[in-house]
Structures are given as C-alpha cells and as structure tokens.
Number of protein chains: 2
Amino acid sequence: MIDYSSGVPVTRQVADAIRADINSGRYRPGAWLPSETQLTQIYEVGRDTVRDALALLRAEGRITTVRKRGSRVVDKPSREPYSVPSGARAVTRMPTPEERRDLATPEELREFGGVPEGVPVFEVAPGPRMHRRILRGDRVELIFGDPQDTD
Amino acid sequence: MIDYSSGVPVTRQVADAIRADINSGRYRPGAWLPSETQLTQIYEVGRDTVRDALALLRAEGRITTVRKRGSRVVDKPSREPYSVPSGARAVTRMPTPEERRDLATPEELREFGGVPEGVPVFEVAPGPRMHRRILRGDRVELIFGDPQDTD
DNA sequence: CATCATTTGTCCGTATGTATT
DNA sequence: AAATACATACGGACAAATGAT
C-alpha cells in the first residue's frame, strides 16, 4: 500500500488513500472515520503520519475533527446565490482567525472554535467605494449581474 | 506564554503566537522560520504541537514547508484582474490533488508536489453553457464588467 | 451517579534520508 | 568528503474529555 521508496511523502500517500476511500463511498459524508489508532493499523503507518494525513484532509475541507470524538467526512456544501453588480470585484483566500470566529455558527464555534478548516472566503467589493464583504466560500455562489436564467 | 488551563488547544495558541510574530514583522515574508526544534524551545511546547501549529499555518496559506529545509513565510500575493461577463457564476473551494498539480509552477511542483497548501481556487462558469475554468485564488481577482476604473 | 473504555491532544526518545555548509 | 541541520517517520506513554454501561 505504502511505497517508501517512491519519494512521495508517506503522509501524502496516506491522505491520498483515505481520500480515495472517501470518494469511493467507503467513508460516507457525515460518518465518522475510523479512529487514529485504527487508521494506523489499516494503512500500516505510525500515528504521526496518520495525524499529518488527517491534517491535510482538514486543510482540503474534506473532513472535520472534533477533540476526543474523531474525524468525520464533510457533506458537500449547498451554496446560495449571491448577486454582485457590475464593477464588483472579488478575491478568494483563507480566512483570518477573527473571520473564522465571526463567520461560524454557534455549533461550529463550540466544536471547532470557528469555521472549519479548509473553508475559504470571498472578499467582495461590490463597488469602487463600497465596503468589502466577507462571505463563506462554502455557503455562497457569486452571480455576476442578472441573477435569473441561471441554468 | 502558553495557557494550559484556558481550554483552547495548545496547538492553536502556538499557531496564534507564530502568526502574531509574522504579522508584527518578526518573521518576514520570504524568510525562513526557526526550525521546528527551535520553535519547541521558543514557545516551550513539544514537537508534535509545533508541527500541528505549522500545519495550521500552512492550511491558512501563511507559510510553506519544504522537506528537509524548513518553513518560510509566504509573500502577499499579487493578483491579476480576470474579467467575467454578466451572468457568470463563481464558487470558491480548496483544489483537488489533480488541480493542485495542474495549477502549480514547475518549481512548486518540485518543492511541494503542487500548489502550496492554503491556496483556494475559483471555479468560474463564464456562461450558462460555457466550460468551467479553474483559477488560482492567489493569482487572480475576479472583475465583473468593465476592467478599467478599478480604483 | 459512578465506572470504564475510547479518542484526540501532547510529550518524548530514536532513527533516517536529504540538503546545506 | 565530512559534518551538521532539518523535516519526516516510527514507537511508547500519559492526560483530559467524551460516551456508553
């Protein structure tokens, strides 16, 4: 399973394996992953490696981890349209810790201390002199101009 | 420095401290951070904690880590305008491993195996029936409509 | 209410391959 | 060439919180 002579970091190989098992449906959205110690046995690597691999998947937004509970596969997000007018500009980036706190639901704040890892934000300037708005990247879809006829 | 009784994970406290030192200019963009073992002494925590904190900062896109070399502070990206027409739609998310490979420069491919962690992507659909385009979130700024008069 | 097993978080010792000096 | 520094990876251990019994 793991190729130590390939040069590709073991951490990434394990992350790839877990990700493949998520994509294949072996680990389903909303379900808990096997525990870290179980994953060490499944993929036959040390716990450091498993933990680093899980950190990679968290950074990708594929899983979330709750202390003393475990890691679970995140559901595919459903995004709502957000219309922006002509002349608007938008960038995307990872949120600051403050933004992660501000954008989180109470439940997320309790479980993760903020918006989960791996969730980028939109920074939208609707107009040249209008205030920037920070939007959760997993909740909105930007629509430029006329919002109808969107299919 | 570290408050073990606050309930907030030590990992996050260390990440906050390093991030503050980056924001204050103590660690400058492009410069190497102290090594992991040095960081354990500076912030007086174990290696695992330092490594987890660095993983957090990587996920935020604040640092990159090269194997056997160290971690360095990333420069603030300069984004180029990318015009989108009326009716266009855009979402943001973290890239898949394939996208990370495809969007990376040869140098990034060599050093990180792809686009660095913490870089989201735009998924832009210029029109109802037009093919989606994947854009690096750290390189472009979406502009709706006329690209001039952008200040 | 009390107890116990499970889980993640954290610390440590050790070894290794690679890059730099 | 040799030595040093570094991140990566393995293993063991303990603590604190959670959930089930």
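A quick note: this is a predicted structure, and the numbers were derived from the prediction, not measured. Proteins come first, then strands; the chains are lettered A, B, ... in the order of their sequence lines, and each starts at number 1.
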Now, which nucleotide makes the Watson-Crick or G-U wobble pair with D:dT18, with each of the two distances under 3.5 Å? C:dA5

Calculate the interatomic distance between [X] atom [atom1] and [N] atom [atom2]; express it in whole Å.
X        : N      : atom1 : atom2 : value
B:Gln41  : C:dC12 : CD    : P     : 11 Å
A:Phe112 : C:dG9  : CZ    : C1'   : 16 Å
B:Arg58  : D:dA7  : CZ    : P     : 10 Å
B:Asp52  : D:dA9  : CG    : P     : 14 Å
A:Arg51  : D:dG11 : CZ    : C1'   : 15 Å
B:Trp32  : D:dA5  : CH2   : P     : 17 Å
B:Ile2   : C:dG9  : CD1   : P     : 16 Å
A:Leu33  : C:dT7  : CG    : P     : 12 Å

So, the side chain of B:Gln38 versus the backbone of B:Ser35: is there a donor-acceptor pair under 3.5 Å, distance only? yes

Distance check: side-chain N/O of B:Ser71 vs OP1/OP2 of D:dA7, anything under 4.0 Å? no

For D:dA5, does OP1 or OP2 lie under 4.0 Å from any side-chain N or O of B:Ser35? no

Using the side-chain hydrogen bond (donor to acceptor under 3.5 Å, both in side chains) criterion, which residues pair with B:Tyr82? Sequence neighbours excluded. B:Arg133

Is A:Arg58 salt-bridged to B:Glu117, going by a charged N under 4.0 Å from an acidic O? no

Are any of the side-chain nitrogens in A:Glu80 or A:Arg139 under 4.0 Å away from the carboxylate oxygens of its partner? no

Would you mind telling me which residue lines up with the more 5' stretch of DNA chain D, B:Asp48 or B:Pro34, judged by nearest nucleotide? B:Pro34

Test for a donor-acceptor pair under 3.5 Å between the base of D:dG12 and the side chain of A:Arg47, counting only N and O atoms. no

Atom CD of A:Glu98: over 12 foreign heavy atoms under 6.0 Å: yes

From D:dT8, C:dT10, D:dA9, pick the nucleotide closest to the side chain of B:Thr11? C:dT10

Do the non-hydrogen side-chain atoms of B:Leu39 and B:Leu54 ever get within less than 4.5 Å of each other? yes

For the residue pair B:Ser6 / B:Gln13, report whether a side-chain donor-acceptor contact shorter than 3.5 Å exists. yes

Nucleotide-resolved protein contact map, nucleotides 15-21 of chain C, B/S/- at heavy-atom distance under 4.0 Å: --BBSS-

